[in-house]
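So the structure is just underneath, and the comments pick up after that.
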Amino acid sequence: MERTLIKNLDQQIDQQVMIKGWLHTLRDQKNMQFLIIRDRTGLVQVAHYKKGNLELAQTISTLGTESALTIIGKVVENKVVKLGGLEIQLEELIVENAAEIPLPFEPFGEYLPDQDYRLDWRYLDLRRDINRLIFEVQTTAEQAMREYWIERDFIEMHSPKIMGAPSESGAELFSLPYFETTAYLAQSPQFYKQMAMAAGYERVFEIGPVFRADPSFTSRHMTEFTGVDMEISWIDSHEDVMAFMERWLAFTYQKVLEKHGDAIKETFDVTLTVPSVPFPRITMAEAFDLLEKIGYKLPPEKKFDLDPGAERAIGAHFKETEGADYVFVTDWPFEARPFYHMLDPNNQGITRSFDLLGSGLEVATGAQREHRYEILKTQALAKGLTLEPIESYLNYFRYGTPPHGGFGFGLSRFLMIMLNLSNIREAVYLFRGPTRLSP
RNA sequence: GGGGGCGUGGUGUAGUGGUUCAACAUGCGGCCCUGUCAAGGCCGAGACCGCGGGUUCGAAUCCCGUCGCUCCCGCCA
């Protein structure tokens with residue numbers, strides 16, 4: 001017999017069916033037992049008349065909620081039943097995996113344990129509808145991102161995550177024993193996607209793991225996360241990257257809205273709207289003026305950079321004045337950017353770069369890259385780097401590498417923004433942080 | 001790395017010096033209920049209040065240390 005999904009039971013009235021799912025609730029009465037069964041498509045009531053099979057009744061009485069069950073029975077219409085107006089009259093029950101009693105916590109209870117405890121029992125936590133929806137949305141979003149790219153001739157890449165030399169700063173790298181030497185976990189595909197530009201691929205993207213050895217204890221940092229990266233060639237400036245990115249992001253919103261808009265409204269009370277293109281843009285110089293005007297005081301050491309409070313203030317400002325959730329902050333001082341961001345020839349000390357803020361949270365960084373070998377070396381030296389460790393990277397720019405740029409985008413931060421989640425640990429399948437390596 | 005907050009039955013909370021201070025909810029066990037409505041009623045078990053030290057006649061409650069968690073800053077996606 002084939003398994004019937006609970007949502008399709010109404011097409012099999014008066015037939016014998018087999019369903020598979022979890023025991024959501026058990027109501028054990030004097031003469032009747034009612035089992036509420038949950039599968040990924042819904043809930044249904046299964047009724048059992050105890051005197052019809054006392055042995056089976058005894059088995060059911062011992063079941064703990066969340067047990068994995070296979071149920072065979074007859075679907076009948078019953079207007080009295082509040083759950084869908086139908087129920088299954090139990091004929092046979094197979095306990096595939098009984099849930100121990102008691103559960104560590106009740107996933108469907110009125111109160112949830114704190115997050116840390118839920119993460120210890122993440123698989124039970126993930127049974128909650130709200131969590132399933134988060135990862136359905138993530139799946140749809142990633143598919144939309146890929147669709148948008150692939151329709152525009154992009155190549156998907158998978159760059160190595162084990163590296164021989166620290167690529168950028170080196171401070172935030174995890175090291176690991178590697179035969180006779182030491183290797184490092186990639187903290188970004190940055191150099192490798194630029195290599196693809198040197199390879200003449202013109203347009204590439206990668207969705208993959210990124211590792212950061214920062215001991216950050218915040219609601220938006222992880223030591224391992226999924227980076228969404230893109231790089232394109234033959235651009236005139238970072239504006240080309242932003243123009244592509246905002247359309248790509250709007251397309252992603254559109255797809256998520258079409259497929260999950262109602263569920264998101266119901267579950268998160270978020271009315272998803274596709275962001276209007278173009279997103280507002282504000283230069284760093286303008287941002288400093290704006291912050292002064294609205295009375296946000298940056299710490300004195302922040303001469304070239306924003307702090308999280310400033311980002312939230314800017315996000316709130318554009319939400320109020322333009323109804324915009326996303327805003328590009330552009331033209332960052334070289335002091336605040338890595339050596340490979342291109343300097344603006346018309347604006348001393350300013351890079352052709354941007355951050356994307358979503359609801360005041362930094363969700364992406366991008367730029368036009370410096371592709372001219374000699375200038376790139378000069379900029380690296382200006383940052384105090386020694387050239388030898390980055391020699392293989394610098395070599396990408398010796399034999400015909402076109403002007404290019406791109407961005408890195410945080411997948412889980414994106415979900416936080418889109419679904420209004422307050423903590424990144426809710427937006428990722430399994431959280432990795434300084435003190436969290438398990439499960 | 002710096003700073004703040006929290007730590008009470010399985011879980012979530014109440015209690016901030018003694019006097020109903022160890023309570024409430026949920027879960028768990030038992031009994032009851034003519035088919036319930038993500039049920040209801042009654043009864044019961046379950047925490048020496050993170051750990052160690054101190055103050056006090058007396059500490060879950062105050063102090064110190066320590067561990068764990070959490071949030072913010074730094075850093076970033």
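For the numbers below, each heavy atom of this structure counts, side chains included, while hydrogens, waters and symmetry mates do not. None of the values given here were measured: they were computed from a predicted structure. Convention: sequence-line order gives letters A, B, ...; per-chain numbering from 1.
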Task: Whole-Å P distance, B:G54 and B:G12 - done: 31 Å
Task: Base partner of B:G40, which must satisfy Watson-Crick or wobble distances under 3.5 Å - done: B:C32
- [ ] Would you please indicate if the ring centroids of A:Trp248 and A:Phe205 are separated by under 6.0 Å?
- [x] no
Open item on the list: Any side-chain N or O of A:Arg425 below 4.0 angstrom from OP1/OP2 of B:C71?
Closed with: yes
Open item on the list: Taking the six-membered ring for Trp, are A:Phe108 and A:His24 closer than 6.0 Å centroid to centroid?
Closed with: yes
Open item on the list: Mind checking if A:Val228 touches a base, just sugar-phosphate, or nothing, with heavy atoms under 4.0 Å?
Closed with: nothing
- [ ] Please measure how far the C1' atom in B:G58 lies from the corresponding atom in B:G18, and state the result in whole Å.
- [x] 6 Å
- [ ] Salt-bridge test for A:Glu224 and A:Arg436: reply yes if a basic N is under 4.0 Å from a carboxylate O, no otherwise.
- [x] no
- [ ] Would you tell me if any nitrogen or oxygen in the side chain of A:Gln29 comes within less than 4.0 Å of OP1 or OP2 on B:G35?
- [x] yes
- [ ] Using whole Å, report how far CG of A:Asp114 lies from P of B:G7.
- [x] 11 Å
Task: Reported CG-to-CG distance for the pair A:Asn78 and A:Leu86, which is rounded to 0.5 angstrom - done: 9.0 Å
Task: Distance, rounded to the nearest Å, where A:Leu112 contributes CG and B:U70 contributes P - done: 16 Å
Open item on the list: Just N and O in the side chain of A:Arg220: are any of them under 4.0 Å from OP1 or OP2 of B:C73?
Closed with: yes
Open item on the list: Please classify the nucleic acid contact of A:Leu361 as base, sugar-phosphate, or nothing, using heavy-atom distances under 4.0 Å.
Closed with: nothing
Open item on the list: Measuring to OP1 and OP2 of B:C69, would you say a side-chain N or O of A:Thr435 lies under 4.0 angstrom away?
Closed with: yes
Open item on the list: Any side-chain N or O of A:Arg312 below 4.0 angstrom from OP1/OP2 of B:C73?
Closed with: yes
TODO: Write down the partner of B:G7 under the Watson-Crick or G-U wobble criteria, each distance required to be under 3.5 Å.
DONE: B:C67
Open item on the list: Please report the distance separating the C1' of B:G35 from the corresponding atom of B:G30, rounded so that it comes out in whole Å.
Closed with: 23 Å
Task: Distance test, side-chain N/O of A:Ser219 to OP1/OP2 of B:C72, below 4.0 Å - done: yes
Open item on the list: Between B:G35 and A:Glu87, counting only base atoms on the nucleotide and side-chain atoms on the residue, is there a donor-acceptor pair under 3.5 Å?
Closed with: yes
Task: Under 3.5 Å donor-acceptor pair, A:Arg413 side-chain atoms to B:C76 base atoms - done: yes
Task: Nearest-angstrom distance, P atom, B:C63 to B:A23 - done: 26 Å
Task: Interatomic distance at C1', B:C49 relative to B:C62, whole Å - done: 15 Å
TODO: Give a yes or no on whether a donor-acceptor pair under 3.5 Å exists between the nucleobase atoms of B:U36, that is its base, and the side chain of A:Gln45.
DONE: yes
Open item on the list: Please check if the number of heavy atoms outside A:Lys7 that lie under 6.0 Å from its NZ is greater than 12.
Closed with: no
Open item on the list: In whole Å, I'd like the distance from the OH atom of A:Tyr111 to the P atom of B:C24.
Closed with: 14 Å
Open item on the list: For A:Phe244 and A:Tyr148, take the angle between the two ring planes, folded into 0 to 90°, and tell me which bin it lands in: parallel under 30, tilted 30 to 60, perpendicular over 60.
Closed with: perpendicular
Open item on the list: Heavy atoms only, 4.0 Å cut-off, all strands: where does A:Arg212 land among base, sugar-phosphate and nothing?
Closed with: base
Task: Nearest-Å distance for atom pair CG/P, residues A:Asp214 and B:C73 - done: 15 Å
Task: Spacing of A:Asp116 atom CG relative to B:C69 atom C1', expressed in whole Å - done: 6 Å
Task: Spacing between A:His341 atom NE2 and B:C76 atom P, to the nearest angstrom - done: 11 Å
TODO: Report yes if the distance between the aromatic ring centroids of A:Phe409 and A:Phe414 is under 6.0 Å, otherwise no.
DONE: yes
Open item on the list: Could you tell me how far apart A:Ile207 (CD1) and B:A77 (P) are, to the nearest whole angstrom?
Closed with: 17 Å
- [ ] Report yes if a side-chain nitrogen or oxygen of A:Asn31 is closer than 4.0 Å to either non-bridging phosphate oxygen (OP1 or OP2) of B:U36; otherwise report no.
- [x] no
- [ ] Determine the interatomic distance between C1' on B:G17 and the same-named atom on B:A59; round to the nearest Å.
- [x] 7 Å
Task: Gap between atoms NZ and P, on A:Lys30 and B:G40 respectively (whole Å) - done: 20 Å
Open item on the list: Work out how far the C1' atom of B:A39 is from that of B:C32, and round it to whole angstrom.
Closed with: 14 Å
TODO: State whether the aromatic ring of A:Phe105 stacks on the base of B:U11, taking stacking to mean ring centres under 5.5 Å apart and ring planes under 30° to each other.
DONE: no
Open item on the list: Looking at the base of B:C75, is there any donor atom on it, or on the side chain of A:Ser216, that sits under 3.5 Å from an acceptor on the other one?
Closed with: yes
Open item on the list: Suppose we define a pair by two distances each less than 3.5 Å, Watson-Crick or G-U wobble; what does B:G27 pair with here?
Closed with: none
- [ ] Select from A:Glu110 and A:Gln115 the residue whose nearest nucleotide in RNA chain B is closer to the 5' end of that strand.
- [x] A:Glu110
